[in-house]
Number of protein chains: 2
Amino acid sequence: MTVNTAQASGTADHKEQHLLEEAVERLKEKGLRLTEQRQAVLDAVVANRDQHLSCEDVVGIIKHSKPGIGQATVYRTLSLLEKMGLLFKSDLDDDCVRHYELCLQDEEAHCHLICLECGLVAEVKEDLLNTLEDRLHTKNDFVIVNRSLKFYGYCKQCAHQTGRE
Amino acid sequence: MTVNTAQASGTADHKEQHLLEEAVERLKEKGLRLTEQRQAVLDAVVANRDQHLSCEDVVGIIKHSKPGIGQATVYRTLSLLEKMGLLFKSDLDDDCVRHYELCLQDEEAHCHLICLECGLVAEVKEDLLNTLEDRLHTKNDFVIVNRSLKFYGYCKQCAHQTGRE
DNA sequence: TTAATTGCAAATGGTTTGCAATATT
DNA sequence: AATATTGCAAACCATTTGCAATTAA
């Protein structure tokens, strides 16, 4: 639904390579198997690592390589990979559809400004976020791996028009 | 499910009073009516303004005052109030259950630390957030009304146990 | 052989919708 | 009278689950 092309985003770099190896390793640790289906799902997520994929998306992507794969298998695999810490559930909103993204650590923190009037979504990088995360780490002994930071309000235009400044 | 007592959180203060008035006003503007059912839903949300209420929660809360109210009505009302800007959809969660909270401006910013291992959700107040919001305001001309700040990672215990520190 | 995995189809569960009955302006 | 609103039940739809068949160790 949301996603267009399959192997879109190019080749896997160091991180993805490491991720794949870790996947195999962690599966083996628990006596689980890296089946063709699981491999296909992993490949799809890595190839589209800049996207937030739904189960339906993944099925669409691997339709060619694994035409007969069952939805349930994809659901189970995504859930499994998430529990293993390789994927994140990302909640980019509104509906009930679950989306996943690759769990690549050490990404630079950013946040979204979401206008309640016009719906504008602006992505903002703020170096203060690093300071904030450092402090959350040291003061709460919490190891941050990912974040979802959304600020709701009114963009310049809408704030002006609706007199909310 | 999530919520225990009904009129728990005490009397409405200035902000809630203002909110109720605004609700009536905005409804009238659009030729909509403040029915008993809508009033009951609003009351429930205001009385539990420190909670994130699901539809089921609301039904439970107003069971006494409006025993015969239909689920659909509550769903429709919550959705309506959200579109009017009086409620926020808050997505603190795993499941597909939609939760709402009162849209009270100028609340003190906080964020949630969510452990990917054990599921712990810790609410943290950080004064640095105010600085951050100030900066988002001045640098982006964005008027912040609410925020959803979630940091995912590993709590002290789990980080230790899984060797991710 | 034993245990994990899959695909299918049925079940689940929160949410939405069609519609006739009711209430409000 | 015209329109908004409600309650009910059915429909929806993403996700989960039971289970028998299949596959890998």
Side-chain angles (χ1 to χ4, degrees), chain A residues 1-3 23-44 52-63 65-84 87 89-100, chain B residues 1-3 23-44 52-63 65-84 87 89-100:
Chain A
M1 258 288 196
T2 329
V3 162
V24 180
E25 191 180 325
R26 288 205 220 166
L27 283 169
K28 280 190 179 165
E29 272 176 18
K30 301 191 181 183
L32 305 178
R33 301 162 188 167
L34 184 59
T35 61
E36 290 178 31
Q37 289 90 337
R38 287 178 180 165
Q39 181 75 60
V41 171
L42 257 174
D43 288 347
H52 304 259
L53 300 177
S54 67
C55 172
E56 194 192 348
D57 292 334
V58 173
V59 171
I61 293 168
I62 63 186
K63 192 158 36 192
S65 54
K66 306 240 85 199
I69 196 170
Q71 297 247 74
T73 302
V74 178
Y75 275 109
R76 284 187 279 233
T77 303
L78 289 172
S79 177
L80 178 70
L81 295 175
E82 192 245 329
K83 286 192 189 95
M84 288 170 50
L87 298 185
K89 256 181 295 196
S90 76
D91 49 355
L92 260 192
D93 305 66
D94 261 3
D95 49 28
C96 278
V97 186
R98 202 161 302 162
H99 289 253
Y100 292 92
Chain B
M1 257 291 197
T2 329
V3 162
V24 181
E25 192 181 326
R26 288 205 219 166
L27 283 169
K28 280 191 179 166
E29 273 176 17
K30 302 190 178 179
L32 304 178
R33 302 164 188 166
L34 183 59
T35 60
E36 288 178 34
Q37 289 89 338
R38 287 177 181 166
Q39 180 75 60
V41 171
L42 258 174
D43 288 346
H52 305 258
L53 299 177
S54 68
C55 173
E56 194 192 348
D57 291 334
V58 173
V59 171
I61 293 168
I62 63 187
K63 193 157 38 191
S65 54
K66 305 240 85 194
I69 196 170
Q71 296 247 74
T73 301
V74 178
Y75 275 109
R76 283 188 279 232
T77 303
L78 290 171
S79 177
L80 179 69
L81 295 175
E82 191 245 331
K83 285 190 190 96
M84 290 171 49
L87 298 185
K89 253 183 296 197
S90 76
D91 47 358
L92 248 193
D93 312 64
D94 259 1
D95 47 29
C96 277
V97 186
R98 204 159 300 162
H99 289 251
Y100 292 93

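Residue numbering restarts at 1 for every chain, and letters A, B, ... go by the order of the sequence lines.
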**Item:** Between C:dT6 (C1') and A:Ile62 (CD1): distance, integer Å
**Value:** 13 Å

**Request:** Check whether any side-chain heavy atom of A:Leu53 sits under 4.5 Å from a side-chain heavy atom of A:Ile61, and report yes or no.
**Result:** yes

**Fill in**
In whole angstroms, the gap separating C1' of C:dT24 from NZ of B:Lys28 amounts to 13 Å

**Item:** Between P of C:dT25 and NZ of B:Lys30, the distance in whole Å
**Value:** 18 Å

**Asked** A:Arg38 has a side chain; which of D:dG7, C:dT16, C:dT6 sits nearest to it?
**Response** C:dT6

**Asked** Hey, which of these two, B:Thr35 or A:Ser79, hits DNA chain D nearer its 5' end, going by closest nucleotide?
**Response** B:Thr35

**Complete:** From CG of B:Asp57 across to P of C:dT15 the rounded distance in Å is 10 Å

**Request:** Give the rounded distance in Å between these two atoms: CG of B:Leu27 and P of C:dA23.
**Result:** 20 Å

**Asked** Taking only N and O in the side chain of A:Arg98, is any of them less than 4.0 Å away from OP1 or OP2 of D:dC13?
**Response** no

**Asked** Is there a donor-acceptor pair closer than 3.5 Å between any side-chain N or O of A:Arg38 and the backbone N or O of A:Arg33?
**Response** yes

**Complete:** Closest to the side chain of A:Gln37, out of C:dA4, D:dG7, C:dG7, is C:dG7

**Request:** Answer yes or no: does a side-chain N or O of B:Tyr75 lie under 4.0 Å from OP1 or OP2 of C:dT16?
**Result:** no

**Request:** Output the single nucleotide from D:dG18, C:dT17, C:dA4 whose closest atom is nearest the side chain of A:Arg76.
**Result:** D:dG18

**Prompt:** To the side chain of A:Ala72, which of C:dC8, D:dA14, D:dT5 is closest?
**Reply:** C:dC8

**Asked** Start at the 5' end of DNA chain C and walk down; is the nucleotide closest to A:Leu34 or to B:Leu34 reached first?
**Response** A:Leu34

**Request:** Map B:Gln71 and B:Glu36 onto DNA chain C by nearest heavy atom, then report which one ends up closer to the 5' terminus.
**Result:** B:Gln71

**Message:** A side-chain contact here means heavy atoms from C-beta on lying under 4.5 Å apart; do A:Leu27 and A:Leu80 qualify?
**Reply:** yes

**Message:** What is the separation between atom CD on A:Glu56 and atom P on D:dA14, rounded to the nearest whole Å?
**Reply:** 6 Å

**Item:** Of the listed nucleotides C:dG7, D:dT5, D:dT15, the one nearest the side chain of A:Ile69
**Value:** C:dG7

**Request:** Measure from the side-chain heavy atoms of A:Arg33 and tell me the nearest of C:dG7, C:dA3, D:dT16.
**Result:** C:dA3

**Shortest non-hydrogen contact between B:Cys55 and B:Leu78, atoms and distance** = CA-CD1, 3.9 Å

**Item:** Whole-Å gap separating C1' (C:dG14) and NZ (B:Lys89)
**Value:** 14 Å

**Prompt:** Can you find a heavy atom in the side chain of A:His99 that is under 4.5 Å from one in the side chain of A:Asp57?
**Reply:** yes

**Item:** Side chain of A:Val97 (C-beta onward), nearest among C:dA9, D:dT15, C:dG14
**Value:** D:dT15

